[in-house]
Peer 1: 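Attaching a single structure in structure tokens format; questions to follow.
Letters A, B, ... are given to chains in the order of the sequence lines, protein chains preceding strands, and every chain is numbered from 1.
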Number of protein chains: 2
Amino acid sequence: MADEIASVVDTRGRILDAAERLFAQHGLEATSMRMLSAAAGCNLASTNYHFGGKEGLIREVFRRRLTWLNRERLRVLDEMEAAATGRPLKPHLILEAFFGVALRMAADSEGGGATFMRLLGRTYAEPSQFIRNFLAEEYAAVLERFKRALFRALPAVPEAEIVWRLHFMLGAMSYAIAGTDALKLIAHCELDEANPAAALAPRLMSFLLGGLRAPLPAGCTAQRAKPDAKVRRSRRAA
Amino acid sequence: MADEIASVVDTRGRILDAAERLFAQHGLEATSMRMLSAAAGCNLASTNYHFGGKEGLIREVFRRRLTWLNRERLRVLDEMEAAATGRPLKPHLILEAFFGVALRMAADSEGGGATFMRLLGRTYAEPSQFIRNFLAEEYAAVLERFKRALFRALPAVPEAEIVWRLHFMLGAMSYAIAGTDALKLIAHCELDEANPAAALAPRLMSFLLGGLRAPLPAGCTAQRAKPDAKVRRSRRAA
DNA sequence: GTATGATTCAAACGATCGTTTGATCCGGGT
DNA sequence: ACCCGGATCAAACGATCGTTTGAATCATAC
């Protein structure tokens with residue numbers, strides 16, 4: 001990870017680091033190429049020379065971290081499936097592989113992973129077409145793998161329902177990572193934690209797992225309805 | 001609601017409608033005042049005349065819908081608390097008051113409510129400072145009310161934990177509403193539903209409730225640990 | 001030392017941004 | 001009939017955007 005990221009010596013790396021930081025701070029459109037280049041300590045034309053334009057720069061800022069992130073997700077999932085020797089994985093392990101890797105990256109404040117994850121969370125809501133297409137093709141393969149793993153892990157839940165809930169979980173994580181300051185707005189009382197990013201991971205994990213295994217909505221075409229009803233009744237007591 | 005919204009006759013209303021639509025489609029910064037005015041069928045200077053600038057226009061686009069939305073949330077909550085006659089409300093009712101109102105607005109595709117909620121969901125991730133301050137003061141009172149209601153409804157859960165989970169729920173909803181097309185990216189198989197916004201509500205609701213009532217993360221300072229352990233054990237069967 | 005390709009630079013290009021100006025149009029009150 | 005304030009208009013302002021140009025600089029191989 002570290003060998004491809006961040007180098008103080010070469011211009012290209014300094015530009016990427018500055019872009020990542022400023023994109024996360026002000027947004028993609030609000031960050032100008034001049035602002036970028038000044039922060040990287042190089043000329044405006046150099047930025048265009050290395051990346052061929054703003055769009056190329058944006059693509060590269062995401063690519064250098066996303067490829068590692070998604071490869072790591074698949075590696076952890078592969079490892080887990082190998083250890084399970086054919087049996088379906090427990091849902092919490094699948095979530096750990098997908099979201100745990102991302103949350104560990106978000107907790108890495110020195111290496112810039114925290115900055116990037118904040119940027120990534122904000123970019124999920126980006127209306128720009130080329131960003132959507134780019135993120136879609138970066139995520140397509142890994143999402144397909146995790147969808148299949150969840151289908152196997154939750155045979156009682158209709159597949160469409162799992163897709164919906166995967167969507168909800170992605171939203172909760174993106175928003176939680178992107179809006180560390182947004183949480184302060186709704187908190188008013190200071191969360192006493194020293195490192196908010198480290199406190200986030202276990203809390204988000206149990207929230208996501210609870211949402212994933214929630215009783216199905218009424219009128220949903222469940223393949224096995226009885227067990228869900230039992231769970232719903234027992235939860236009423238909590 | 002309808003009396004303050006949308007009027008085809010006066011310029012001011014046409015500008016607000018056009019701005020709402022284009023902001024949701026291209027984002028706040030990517031939508032220019034000229035684009036706006038052309039879509040509203042009026043002159044560029046008229047837009048500045050009515051709203052005093054782009055910032056004033058943005059503020060008004062959000063204000064006219066947000067004040068109604070939050071007033072309605074409080075009205076429903078008041079109604080529920082009156083019916084409960086002093087007893088703490090069930091959590092699912094509180095979520096219904098907060099998220100149900102928003103989801104009904106998001107399902108109103110004719111009145112423009114769907115457009116606005118898509119815009120609102122995307123704006124939660126907006127890095128701009130003045131937007132954050134504006135949304136914070138619009139939401140401060142209503143969030144405080146719902147936080148207190150949840151504290152009463154879940155006395156066994158530490159208050160800090162509830163704040164975290166409220167944060168997660170807001171993220172899941174924002175993302176779910178803002179990214180109806182983002183869901184298509186991860187789905188690949190077409191969700192057969194005719195109206196995706198109507199299909200969203202019950203699914204999101206049960207997901208949020210499941211997350212809210214999930215077992216607390218390990219090492220969390222629970223005030224009453226025993227009932228949580230029991231719930232965790234019974235859920236393992238699902 | 002010198003030629004060569006990669007890199008950085010100051011400067012300018014055309015386009016578009018948000019905002020402002022001053023004239024013009026329109027309806028209701030005296 | 002006159003006036004006046006609100007509303008709309010075409011036109012321009014200065015600033016900033018992304019991108020391009022052509023010369024200067026650097027490292028490297030011959």
Peer 1: Between A:Phe168 and B:Phe207, how do the two ring planes meet: parallel, tilted or perpendicular, split at 30° and 60°?
Peer 2: tilted
Peer 1: Using side chain to side chain donor-acceptor pair (under 3.5 Å) as the criterion, list what pairs up with B:Tyr139, not counting sequence neighbours.
Peer 2: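 With neighbours one apart ignored, the set is B:Arg73, B:Tyr124.
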Peer 1: Can you name the side chain to side chain contact (heavy atoms under 4.5 Å, CB included) partners of B:Ala30, sequence neighbours left out?
Peer 2: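 Listed in chain order: A:Glu29, B:His26.
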Peer 1: Using the test ring-ring contact (aromatic ring centres under 6.0 Å, His included), find all partners of B:Phe23 that sit at least two apart in sequence or belong to another chain.
Peer 2: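 In terms of ring-ring contact (aromatic ring centres under 6.0 Å, His included), with neighbours along the sequence ignored, B:Phe23 is linked to no residue.
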Peer 1: Kindly say if A:His50 contacts the phosphate of C:dT8, meaning a side-chain N or O under 4.0 Å from OP1 or OP2.
Peer 2: yes
Peer 1: Can you list the residues that meet the salt bridge (charged side-chain N to carboxylate O under 4.0 Å, His left out) rule with A:Glu96, with sequence neighbours excluded?
Peer 2: A:Arg104
Peer 1: Return a table of donor-acceptor pairs under 3.5 angstrom between the side chains of residues 74-81 of chain A and protein atoms on other chains or two or more places apart.
Peer 2:
residue: A:Arg75; atom: NE; partner: A:Glu72; partner atom: OE1; Å: 3.3
residue: A:Arg75; atom: NH1; partner: A:Glu79; partner atom: OE2; Å: 3.1
residue: A:Arg75; atom: NH2; partner: A:Glu72; partner atom: OE2; Å: 2.8
residue: A:Asp78; atom: OD1; partner: A:Arg145; partner atom: NH1; Å: 3.2
residue: A:Asp78; atom: OD1; partner: A:Arg145; partner atom: NH2; Å: 3.1
residue: A:Glu81; atom: OE1; partner: A:Arg145; partner atom: NH2; Å: 3.1

Peer 1: So, is A:Thr11 close to the C:dT8 phosphate, meaning a side-chain N or O under 4.0 Å from OP1 or OP2?
Peer 2: yes
Peer 1: To the nearest Å, give me how far apart OH (A:Tyr49) and P (C:dT7) are.
Peer 2: 4 Å
Peer 1: Who passes side chain to side chain contact (heavy atoms under 4.5 Å, CB included) against B:Thr123, sequence neighbours left out?
Peer 2: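 Side chain to side chain contact (heavy atoms under 4.5 Å, CB included) check on B:Thr123 returns B:Leu28, B:Phe62, B:Leu119, B:Glu126, B:Ile131, B:Leu135.
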Peer 1: So if I define the base as every atom that isn't primed, P, OP1 or OP2, how would nucleotides 17-28 of chain D read as a B/S/- string at a heavy-atom cutoff under 4.0 Å?
Peer 2: BBBBB-------
Peer 1: Show me, range against range, the stems involving DNA chain C, built from at least 3 consecutive Watson-Crick or G-U pairs below 3.5 Å.
Peer 2: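 Stems found: C:1-27 with D:4-30.
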Peer 1: How close or far is atom P of D:dA7 from atom CZ of B:Phe51, stated in whole angstroms?
Peer 2: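 Taking CZ of B:Phe51 and P of D:dA7, I get 11 Å after rounding.
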Peer 1: State which residues pass side chain to side chain donor-acceptor pair (under 3.5 Å) with A:Ser37; sequence neighbours excluded, sorted by chain then number.
Peer 2: A:Thr47
